[in-house]
Amino acid sequence: MEYNFRDIEKKWFSYWKDQQTYKVKEDANKKKFYVLNMFPYPSGAGLHVGHPLGYIASDIYARYKRLQGFNVLNPMGYDAYGLPAEQYAIQTGQHPEVTTNANIARYREQLDKIGFCFDWDREVRTCDPIYYKWTQWAFQKMYNSFFCNKDQKAYPIEELIARFEKKGSVDLNVACSEDILFTADEWNSYDEKKKSDILMNYRIAFMGETMVNWCAGLGTVLANDEVVDGVSVRGGFPVEQKKMRQWCLRVSAYSQRLLDGLETIQWSDSIKETQKNWIGRSEGTEVEFKVWNDNYNENEKSFTIFTTRADTMFGVTFMVLAPESDLVKELTTAEQKEEVEAYVKYVAGRTERERQIDHKVTGVFSGSYAINPFTGEKNPIWISEYVLAGYGTGAIMAVPAHDSRDYAFAKHFNLPIIPLIEGADVSEESYDAKEGIVSNSPAPGKEPMTFDGEALILNGMTVKEAIAATKKFVKKHNIGRVKVNYRLRDAIFSRQRYWGEPFPVYHKNGIPQMIPEECLPIELPQVDKFLPTETGEPPLGNATKWAWDEKNRQVVDCSAIDNETIFPLELYTMPGFAGSSAYYLRYMDPKNEEALVSKEADDYWQNVDLYVGGSEHATGHLIYSRFWCKFLYDLGVSCKDEPFQKLINQGMIQGRSNFVYRIKDTNTFVSLDKKDGYDVTPIHVDVNIVSGDVLDVEAFKQWRPEYNDAEFVLNDEGKYVCGWAVEKMSKSMFNVVNPDMIVEKYGADTLRLYEMFLGPVEQSKPWDTNGIDGCHRFLKKFWGLFYDRDGNWLPNDDQPTAEQEKSLHKLIKKVTQDIEQFSYNTSISAFMIAVSELQKCRSKAVLKDLVVLIAPFAPFIAEELFQSLKSLKSEECRVKSEESAGGSVCDAQWPVFDESKMKDSEITMPVQFCGKTRFTMQVPADAAKDVVEQMALTDDRTAKYTDGKQIVKTIVVPGKIINIVVR
RNA sequence: GCGCCUGUGGCGAAAUUGGUAGACGCGCCAGACUUAGGAUCUGGUGUCUUGCGAUGUGCAGGUUCGAGUCCUGUCAGGCGCACCA
């Protein structure tokens, strides 16, 4: 009987659906395992063969874990909000919801064909009000929380208010946008608006006037990870820096926890490294410098700089302020005013992209000086764009001898350079390394400043020691403080778009107000246009029913706004990462209307054990999700403070394009191997009419009208061979391979097997349909173990031979190990070997284990054969319980590896040279004694064999002894 | 510039702790069965050499009885960060 994958796959797909085979419930008697894929954005193009790669990898693991007796949660859903649907809506007027739903339906259809064990009852969609209710809820919780630096934990904002009422902001150590000083009396005297403004400074979700990435092309602000090289990731539109009032999340508060958490999770080094860079922790020192100029006497005005090189205090020759710094205005003297203003204007006119690409040395003198606290010298204060306003204090001390940027600046403006490290030559370039012995600190013959009679002397110390000594000194004498800086910025949390979660916020007399929790969700209103309004408001400004009736607690028509009881609702929407940050929690309890996730479900499922997705989310989703999780952990909603325990980044599947070669100015196409000697133009040809790089000539003629009368120069075998290249998989290259077509031609099991056989899951590789026949043949051979060509059922009650047992157990060991390590390609190789070894095996017991082993990879064929084998007695089937005795292969038990079955004629023994064990080798058991005697004769290099030949190395493999004769 | 990763046949790739390099698959070659083969089966297939044999994991060294694997340098490709003080 033929392996009829079409009937088999159709049959078991409906069976699994009818039996709800993949439905999971919390079960205290079973250990849980949570497998998760990054949920897809349902784009209009549908799935190509690259998309399911990660899903297949995780599906195999999920099925394997289930066969091992775990209760496996393997859900799927859709990240349904996003720009493409909205852009499409703007162009066509089609509501994004309509396109999104159509795309989801298409995705689902494609996914269903591949045989995943998803529990679709748990599906979530980020655009579904019952889902985004909890996105809005989490936002409100963040709004009503602040972050205590000392405890490294979020608390309710009420606790902060209570503290303000008692003690004001004195000695406060909480995460904030800026330090604000006020007493309890002052606080209590403030009006509601003032209090609200101050609290915004501390809330975890807050509205702030910040520098944002404004993308005019998209009409919205973007987060830092959505901008690359000064242009938007989506669309590639230029992005400029602009100060705007936006909702933000105080992600930076969690910097240290985000960094520490990386130590507790099993992610790839490269992703961890990327996140570490993005968080950018740097330990340094803040030092106060007093200002000296015509306007200020000494001691009147000072400012703070941040440095990681406290050891270089004696090498400071000038100071630099960021052009955007508030200090610029204060420190510019009257005579420099004009020049400084011109410079600041010039810098403001430079785009982010320009600043990133060319690092011009520019700057202007402010007219003021700063007094170095250690030398007492007056250093000029300059203003330059190479100092960033957003990092540290926006002001630096410049040490040109030991910082390349300061060096370039000093050379350009002819400022002094003082070397501080013994033997450092700074005549050509700066010495940036943090190595060497400090000198010139203080310079010979110069008296350093004293503090309570004590002076800082660093000469003779190593750089490391000098940094430590300076830190200690600075702290002791209150000149500054030890400070840890992070590069991680707060996330801009609002977008000027339509197709996103609306904020559960209304504005009352300039003060944002939260919609009462019990009124959530606030649903996205209907609009007739998806573009910004004529007055420049975001698209939600087009909504007519978008006001909040405080008294009746409901959304009402905008025309009713009276600013007494009815107020306008927020016009911004949330960004894409809002809905994707905590979706993994929602899968645990997707229908709960009372909570994001119930205590019981959260306690049972905890967090994701295995997360599979692309590495491109390293600085986006994977940071935001960790932040969100930590916040929910502080809140007591999640019992884990890391969302994803183990992360696998599947590689990208690139396209493999095919080319035909048209002879210039003709409609004749020449085969690849004949093209030399012709002047040809390569033309992309649809890979779906090419098989094994051989063009289907007739299909090509039909492909495009202009090729109807094409002529061909074929090769000697009468074939047209195409050229090929690896490119991105895209429609325009005609190299998109659709999984449906593969399933139609070869079946889902073959597709699954082949995608895994292609190479390591984590590696990027081009899709090449050419090799797929090998996997399909393997499944046919596998089928052939059970049915002969005439359809006779082959398995019987024969006892397996020792050889067959060995083949099986070798396979069990290999496959089990490989799945644990995600080396699916090598386990498929092992299957191929095992199947050839077991060609003659008729033993049901062995064949049954084989079926269970293949089930994670090729579930359809496994189910079919398993059901056929059910004529076996249930204990032989090793089915776990009576009630599931008639059940699916999914409920079978993973075969147990038995070391004793592997034992045969070989043993492992150590080989010694000169009394030291050099290596181990496998030898026939009965020959062991013999070999020991032979090896006992060894000296440092040679071993003598009984026939008198000199041998340098003896490797014994099963059955034969290979001697390598010494040269 | 700094940090991380990867370099193995015509192709995708294997190779416990250093121990037969190239498993397995594709492709290719030969043969069998065929009217036929983009079906199936069998055998072969790193390179050079008629053969014996030599040689071979980007390149150059080193450690070792022994290196794809460890160390140093170097080249190439990829990724991340990037006036972050």
Side-chain angles (χ1 to χ4, degrees), chain A residues 228-229 268-282 284-285 305-310 312 320 322 355-356 358-361 384-388 390-399 402-406 408-409 432 485-489 615-616 618-619 649 656 691-694 696 719 724 753-754 757-760 762-778 780-781 784 789 817 823 825-834 836 911 913-914 916 918-921 938-943 952-957 960 962-964 966:
Chain A
V228 170
D229 293 335
S268 74
D269 288 343
S270 69
I271 294 265
K272 282 191 188 178
E273 199 60 35
T274 301
Q275 291 212 342
K276 277 183 199 166
N277 280 339
W278 193 257
I279 296 165
R281 182 183 205 271
S282 92
T285 316
I305 58 91
F306 174 79
T307 180
T308 55
R309 291 298 298 274
T312 59
V320 189
R355 280 181 75 166
Q356 272 178 16
D358 79 305
H359 295 169
K360 269 195 238 165
V361 181
S384 174
E385 59 180 327
Y386 86 88
V387 173
L388 305 176
Y391 187 75
T393 59
I396 64 153
M397 61 179 213
V399 186
H402 303 292
D403 183 288
S404 50
R405 298 151 300 179
D406 297 346
F409 195 83
D432 290 19
N485 252 321
Y486 300 91
R487 209 178 59 85
L488 185 66
R489 303 268 71 97
S615 55
E616 68 272 19
T619 55
N649 301 115
R656 187 180 187 278
S691 176
D693 286 339
V694 175
D696 181 336
K719 289 176 184 168
W724 62 275
L753 226 45
Y754 185 57
F757 188 67
L758 224 44
E762 300 190 67
Q763 201 166 298
S764 285
K765 57 229 151 193
W767 176 263
D768 182 359
T769 309
N770 287 343
I772 199 166
D773 289 313
C775 287
H776 193 63
R777 256 196 291 268
F778 160 72
K780 281 197 220 167
K781 280 187 198 164
R789 283 181 199 198
Q817 272 175 6
S823 306
N825 54 335
T826 51
S827 45
I828 293 167
S829 294
F831 271 116
M832 291 175 174
I833 296 167
S836 7
V911 176
F913 287 147
C914 294
K916 269 169 86 180
R918 302 293 192 174
F919 56 92
T920 59
M921 60 185 205
T938 60
D939 61 22
D940 207 31
R941 278 159 198 276
T942 58
V952 70
K953 195 156 93 177
T954 303
I955 303 291
V956 184
V957 292
K960 57 180 174 179
I962 302 163
N963 300 321
I964 296 161
V966 78

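Sequence lines set the chain letters: A, B, ... in the order given, protein chains first and strands last, and positions in each chain run from 1.
Going from the P atom of B/A67 to that of B/U20 covers 12 Å, rounded to whole Å. For the P atoms, the distance from B/C11 to B/G27 is 15 Å, rounded to whole Å. Taking the P atoms as reference points, B/G62 lies 15 Å from B/U57, given to the whole Å. Separating the C1' atom of B/G58 from that of B/C5 is a span of 16 Å, rounded to the nearest Å. Taking the P atom of each, B/U64 and B/A14 are spaced 32 Å apart, rounded to whole Å. Atom name C1', nucleotides B/U34 and B/U49: the rounded distance is 38 Å, in whole Å. Using atom P as the reference point in both B/G46 and B/A21, the two lie 14 Å apart (nearest Å). One P atom belongs to B/C59, the other to B/U8, and the distance between them is 10 Å to the nearest Å.
Summarising the base pairing, B/G1 is matched to B/C81 through a Watson-Crick or G-U wobble pair whose two defining distances lie under 3.5 Å. The nucleotide B/G66 finds no pairing partner, because no Watson-Crick or G-U wobble arrangement with both distances shorter than 3.5 Å includes it. Taking a pair to require two hydrogen-bonding distances under 3.5 Å in either a Watson-Crick or a G-U wobble arrangement, B/U6 pairs with B/A76. Pairing for B/G43 is with B/C29, a Watson-Crick or G-U wobble pair whose two hydrogen-bonding atom distances lie under 3.5 Å. Across all strands shown, B/A21 has no partner, as no Watson-Crick or G-U wobble contact with both distances under 3.5 Å is found. In this structure, B/U35 makes no Watson-Crick or G-U wobble pair, since no nucleotide meets both defining distances under 3.5 angstrom.
Here A/Y386 does not reach the OP1 or OP2 of B/A85: none of its side-chain N or O atoms lies under 4.0 Å away. OP1 or OP2 of B/C26 lies within a sub-4.0 Å distance of a side-chain N or O belonging to A/R777.
Atom-to-atom, CD1 of A/I772 to C1' of B/C24 comes out at 16 Å; the value is rounded to the nearest Å. Spacing between atom CD of A/E616 and atom C1' of B/G78 amounts to 15 Å, rounded to whole angstrom units. Rounded to an integer number of Å, the gap from A/I271 CD1 to B/C81 C1' is 14 Å. In this structure, the CG atom of A/D773 is 8 Å from the P atom of B/C26, given to the nearest Å. In this structure, CG of A/N485 is placed 17 Å from C1' of B/C81, rounded to the nearest angstrom. One can place CZ of A/F778 at 11 Å from C1' of B/C24, the figure rounded to the nearest angstrom. When rounded to the nearest whole Å, the span between CD of A/E762 and C1' of B/G78 equals 15 Å. Put simply, CZ on A/R656 is 11 Å from C1' on B/C26, counting in whole angstrom units.
Using a 4.0 Å heavy-atom criterion, one finds that A/V387 contacts the bases of the nucleic acid, with or without backbone contacts as well. Residue-level contact check: A/K781 touches the backbone only, with heavy atoms under 4.0 Å from sugar-phosphate atoms and none from bases. Residue A/I396 is in base contact, counting any heavy-atom pair closer than 4.0 Å across all strands shown.
From A/D773, atom CG reaches atom CZ of A/F778 across 15.0 Å, with rounding to the nearest 0.5 Å. In this structure, A/C775 SG and A/K780 NZ are separated by 12.5 Å, a value rounded to the nearest 0.5 Å. Between A/K276 atom NZ and A/I271 atom CD1 the span is 13.0 Å, to the nearest 0.5 Å. We find the CZ-CZ distance between A/R281 and A/R487 to be 15.0 Å, quoted to the nearest 0.5 Å.
Listed nucleotides: B/A23, B/C83, B/C41. Nearest to the side chain of A/E385: B/C83. Closest to the side chain of A/K780, out of B/A85, B/U40, B/A82, is B/U40. Comparing B/C24, B/C81, B/C83 by their nearest atom to the side chain of A/I833 picks out B/C24.
Nearest-nucleotide assignment on RNA chain B puts the 5′-proximal partner with A/Y754, out of A/Y754 and A/R489.
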### Residue pair A/T619, A/T274: steps toward the side chain to side chain contact (heavy atoms under 4.5 Å, CB included) verdict
CA-CA 7 Å; A/T619 55; A/T274 301; 3.7 Å; yes
### Task
Step by step, work out the side chain to side chain contact (heavy atoms under 4.5 Å, CB included) result for A/Y386 and A/D406.
CA-CA 9 Å; A/Y386 86 88; A/D406 297 346; 2.6 Å; yes
### Query
So A/M397 and A/T312, side chain to side chain contact (heavy atoms under 4.5 Å, CB included) or not? Walk me through it.
CA-CA 9 Å; A/M397 61 179 213; A/T312 59; 3.5 Å; yes
All N/O contacts under 3.5 Å from nucleotides 1-7 of chain B to the protein, with atom names and distances to one decimal?
residue	atom	partner	partner atom	Å
B/G3	O2'	A/E273	OE2	3.2

Enumerate all atom pairs, one protein N or O and one N or O from nucleotides 8-16 of chain B, separated by less than 3.5 Å.
residue	atom	partner	partner atom	Å
B/G12	O2'	A/L758	O	2.4
B/A13	OP1	A/Q763	NE2	2.6
B/A13	O3'	A/N825	ND2	3.4
B/A14	OP1	A/N825	ND2	3.3

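Considering only heavy atoms from C-beta on, A/R656 stays 4.5 Å or farther from A/W767 through its side chain. Annotation: side chain of A/T307 is not in contact with side chain of A/V399 (no heavy-atom distance under 4.5 Å).
Residues forming a side chain to side chain contact (heavy atoms under 4.5 Å, CB included) with A/S829 (at least two apart in sequence, or on another chain): A/F757.
For B/G9, the base is syn relative to its sugar; the glycosidic angle is within 90° of 0.
Using the six-membered ring where Trp is involved, A/Y391 and A/F306 have ring planes that are perpendicular, over 60° apart on the 30 and 60° scheme.
Between A/N485 and A/S282, the side chains place no donor N or O within less than 3.5 Å of an acceptor N or O (distance only, hydrogens not considered).
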